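For reference, the structure is listed below as structure tokens.
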Amino acid sequence: MKHTGKVLFIAVICLFPVAVTAGKGLPWEKKLPFETATIKYEIHGMEEGEEIVYIRDYGKERATYHATVSKMMGMTMKNSSVDFHTPDTIYSFDLQEKSGVKSVNPQKYMEEEYEKLSSADKKKVAKNAEKLGGALTQGMQGGVQKNVIKILGYDCDKVSIMNGSDVYLIHDTDIPLKSVVSMMGMKMVMEATSIDTGKVDGKYFQHPAGIVAESNPEADGIARTMAQRSIAMMKDPEAAKEMIPAQMGLSQERMDQMSEEEKQMMQQMMEGMKGLMNQ
């Protein structure tokens, strides 16, 4: 997935916790059941390989190493990347192309927009958060089921989105232990095989040598726009109807340059928005 496409995906995930983890406090302030962890995944389908996620400080810091092989039109392609998430910044490095990009963590924008609200509006946001998440999943022809399965000893919630794609998250968190993604006629399954909650070596959070992460103003603009729209919808769903542009702040030129995967993702997001507007 290209860098901007990955940012779109991250932005979607930032909207869904209001459905999956809505409760007391901010929807995005949910501590994980472990302070540190190493989670290993096997990947099968349109990609074959593995992913390893290293977690520190109850999920505030994460490093994700992805190494797979995919085949398309008779060609074999290696995919090797590493992403670093901090409360403020997300760094994405393509180890094959030796390139990197950094962008503001969308959740930071969510928090900033939330803190601009009055006490009364914050109460409205808390009240409407679960409704927003439910509308988004319904608009994406999906839904949320709590505690439907236990994976590696953890109760998991099932989030169904994007026409047949299911993600199983550790209950009331954003940590997936299994995902089945169907898109453009292709399917990929990623499933956790082990969780080690022991101490994580700091070396896994060191950026790859020789690669400079460039800023991505467009990605930051997308993330900020989506944060503004989601907070506006939680504050006043009726008034937000007039505030949502068709492309969520993307230029027509950028829309034309989107891959089919990105276009489908954007369409699903807009369907989710429509679902909210019809509540």
Side-chain angles (χ1 to χ4, degrees), residues 1 6 9-23 27-68 70 79 81-86 90 92 105-107 130 133-134 136-137 140 142-183 186-201 204-205 265 268:
M1 185 182 295
K6 183 176 290 185
F9 179 75
I10 291 170
V12 173
I13 295 303
C14 283
L15 293 178
F16 273 169
V18 299
V20 181
T21 65
W28 48 87
E29 287 185 342
K30 295 293 181 180
K31 273 190 176 181
L32 303 185
F34 35 72
E35 180 178 3
T36 60
T38 300
I39 308 177
K40 296 184 178 181
Y41 301 85
E42 288 185 353
I43 300 173
H44 302 288
M46 58 184 178
E47 293 185 29
E48 296 284 338
E50 67 174 10
E51 184 167 291
I52 304 177
V53 178
Y54 300 96
I55 294 172
R56 298 194 301 194
D57 195 12
Y58 294 99
K60 291 183 178 180
E61 294 182 82
R62 307 181 190 189
T64 302
Y65 290 78
H66 184 92
T68 61
S70 58
N79 310 296
S81 64
V82 57
D83 296 339
F84 300 98
H85 286 220
T86 73
I90 295 176
S92 297
N105 189 328
Q107 290 188 358
E130 189 168 5
L136 283 170
T137 51
M140 290 186 177
V144 180
Q145 301 176 57
K146 300 280 189 175
N147 296 315
V148 298
I149 192 173
K150 191 181 288 287
I151 300 176
L152 297 177
Y154 292 90
D155 290 325
C156 293
D157 303 328
K158 179 182 178 181
V159 181
S160 301
I161 55 175
M162 296 185 182
N163 298 324
S165 296
D166 297 321
V167 181
Y168 297 84
L169 306 170
I170 294 179
H171 178 62
D172 274 352
T173 77
D174 61 348
I175 298 295
L177 293 187
K178 182 178 180 180
S179 61
V180 181
V181 178
S182 298
M183 186 176 290
M186 295 179 287
K187 185 176 181 179
M188 184 172 74
V189 178
M190 185 172 77
E191 187 166 9
T193 57
S194 67
I195 300 177
D196 182 348
T197 57
K199 185 177 180 180
V200 176
D201 196 313
Y204 297 115
F205 291 84
M265 191 180 299
Q268 295 290 353

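If you're wondering where the values come from, they're calculated on a predicted model, not measured in any experiment.
In terms of modelled atom types and a separation under 3.5 Å, the side chain of S70 and the main chain of M46 share no donor-acceptor contact. Here the side chain of E47 pairs no donor or acceptor atom with the backbone of H44 at under 3.5 angstrom. A donor-acceptor pair is defined here as one N or O able to donate and one able to accept, closer than 3.5 Å; no such pair exists between the side chain of D155 and the backbone of K150. Put simply, the side chain of T36 gets close to the backbone of T197: a donor and an acceptor are under 3.5 Å apart.
Listed here is the closest heavy atom pair of S194 and L152: N-CD1, 3.7 Å. The shortest heavy-atom contact between R56 and V200 is CG-CB, 4.4 Å. Counting all heavy atoms, side chain and backbone alike, K146 lies closest to D172 at NZ-OD1, 3.2 Å. Across every non-hydrogen atom of F205 and A63, the tightest pair is CE2-N, 3.7 Å. Closest non-hydrogen pair, D174 versus P176, comes out as O-CD, 3.2 Å. Here the closest non-hydrogen pair linking N105 and T86 is ND2-O, 2.8 Å.
I175 has its side chain out of reach of Y154: every pair of non-hydrogen atoms, C-beta onward, lies at least 4.5 Å apart. Counting heavy atoms from C-beta on, the side chains of F34 and I170 come closer than 4.5 Å. Here the side chains of H85 and V53 are not in contact, with every heavy-atom distance at 4.5 Å or above.
A donor and an acceptor atom, one from each side chain of D83 and T64, are nowhere located under 3.5 Å apart.
Rounding to the nearest 0.5 angstrom, the gap separating the OG1 atom in T68 from the CD1 atom in I43 is 6.0 Å. Atom CG of D57 is separated from atom CZ of R62 by 11.0 Å, given to the nearest 0.5 angstrom. Here the CD1-CG distance, from I149 to L177, works out to 10.0 Å after rounding to the nearest 0.5 Å. Atoms CG and NZ, on L32 and K60 in that order, are 11.0 Å from each other to the nearest 0.5 Å. To the nearest 0.5 Å, atom CD of residue E191 and atom OH of residue Y41 are 10.5 Å apart. One distance of note links SG of C156 with CD of Q145; it measures 13.0 Å at 0.5 Å rounding.
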**Report entry** Criterion salt bridge (charged side-chain N to carboxylate O under 4.0 Å, His left out) on K178 and D166, from CA distance to verdict
**Finding:** CA-CA 8 Å; K178 182 178 180 180; D166 297 321; over 6 Å; no
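In this structure, Y65 and F84 have perpendicular ring planes: the angle between them is above 60°, well past the 30° mark.
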